[in-house]
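Written below as structure tokens is the structure these notes are about.
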Amino acid sequence: KPHTHKHTFHTQRKQRNLKMFAAENGLKGDPRLQSISEAIRVVPHFPKPGIMFQDITTLLLNHKVFKDTVDIFVDRYKDMGISVVAGIEARGFMFGPSVALAIGAKFVPLRKPGKLPGKVISEAYELEYGKDCLEMHVGAVQEGEKAVVIDDLVATGGTLSAAIKLLEVVECACVIGLPEVKVNHSDLFLVCLGDIR
């Protein structure tokens, strides 16, 4: 069975479910954090009524802020022995490859069902407004390879929890997130650059 070693990996580590914002981790007062937060457009009632959609495409339009976002993640992970950067479809693909190239790691896409042509392993999860599933190619990650999972936003924590079940994850990283979010089945840190507005 693929990745059965993961269960041992998680049970052997001291259990913790912590969230760490960049401002609380050596970046307090860093002007880049405010610029990143201000560059994200909030779109009310999208894709459904009551959802406050955090649109990071406006951040990508600003070269300096986009670079600052990637640089903060690169600075954190460049000396942690990370060999895999996994990006969650689709907006994790916007940040993950840049981080992977900069730290000398491979990029592994975690995709929606039916998008990968080879044999896959999958994990279902609950969304803020529905259900979905993540898939990864079998053999994309080898046993013992340490991974960071990158996405643009964490709301319920369901997507990241699914990713953690597919990989040997050292840490999860998002651009923005809710202060009270929990990443289920995780003993790992979740690093966010700022709060959802």
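When a residue number appears, it is its place in the shown sequence, counting from 1.
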List for me each residue that meets salt bridge (Lys or Arg N to Asp or Glu O under 4.0 Å) alongside D151, sequence neighbours excluded, and say none if there are none. none
Mark yes or no for whether S35, through its side chain, and V65, through its backbone, hold a donor-acceptor pair below 3.5 Å. no
Using atom types as modelled, flag every donor-acceptor pair under 3.5 Å from a side chain in residues 108-116 to any protein atom, sequence neighbours excluded.
from: R111; atom 1: NE; to: E89; atom 2: OE1; distance (Å): 3.0
from: R111; atom 1: NH2; to: E89; atom 2: OE2; distance (Å): 3.2
from: K115; atom 1: NZ; to: E89; atom 2: OE2; distance (Å): 3.1

Testing the basics here: between I51 and F46, what is the closest heavy-atom pair and its distance to 0.1 Å? CG2-O, 3.0 Å
Quick check: does any side chain N or O of H137 sit under 3.5 Å from a backbone N or O of V120, one acting as donor and the other as acceptor? no
Check whether any side-chain N or O of K106 sits under 3.5 Å from a backbone N or O of A86 as a donor-acceptor pair, and report yes or no. no
Side-chain contact, heavy-atom cut-off 4.5 Å: F95 with L59? yes
Please give me the minimum heavy-atom distance between A173 and F73, naming the atom from each residue. CB-CE2, 3.6 Å
Can a donor-acceptor pair be found, under 3.5 Å and without considering hydrogens, that links the side chain of Q34 to the backbone of P31? no
By side-chain contact (heavy atoms from CB on, under 4.5 Å), D30 pairs with (sequence neighbours left out) L27, R32, L33
Which residue, I72, V170, V191, forms the side-chain contact (heavy atoms from CB on, under 4.5 Å) with Y77? V191
When rounded to the nearest 0.5 Å, the distance separating CD1 of I121 from CD of E135 is 10.0 Å
Heavy-atom closest contact (C192 atom, V154 atom, distance): SG-CG1, 3.9 Å
Expected output: side-chain S83 to main-chain A105 donor-acceptor under 3.5 Å: no
Is there a path of hydrophobic side-chain contacts, each under 4.5 Å between heavy atoms, that joins V138 and L166? yes
Can you give me the closest heavy-atom contact between L134 and A162, atom names plus distance? CD1-CB, 4.1 Å
State yes or no: do L101 and L60 share one hydrophobic cluster built from I, L, V, M, F, W and Y residues joined by side-chain heavy-atom distances below 4.5 Å, directly or via other members? no
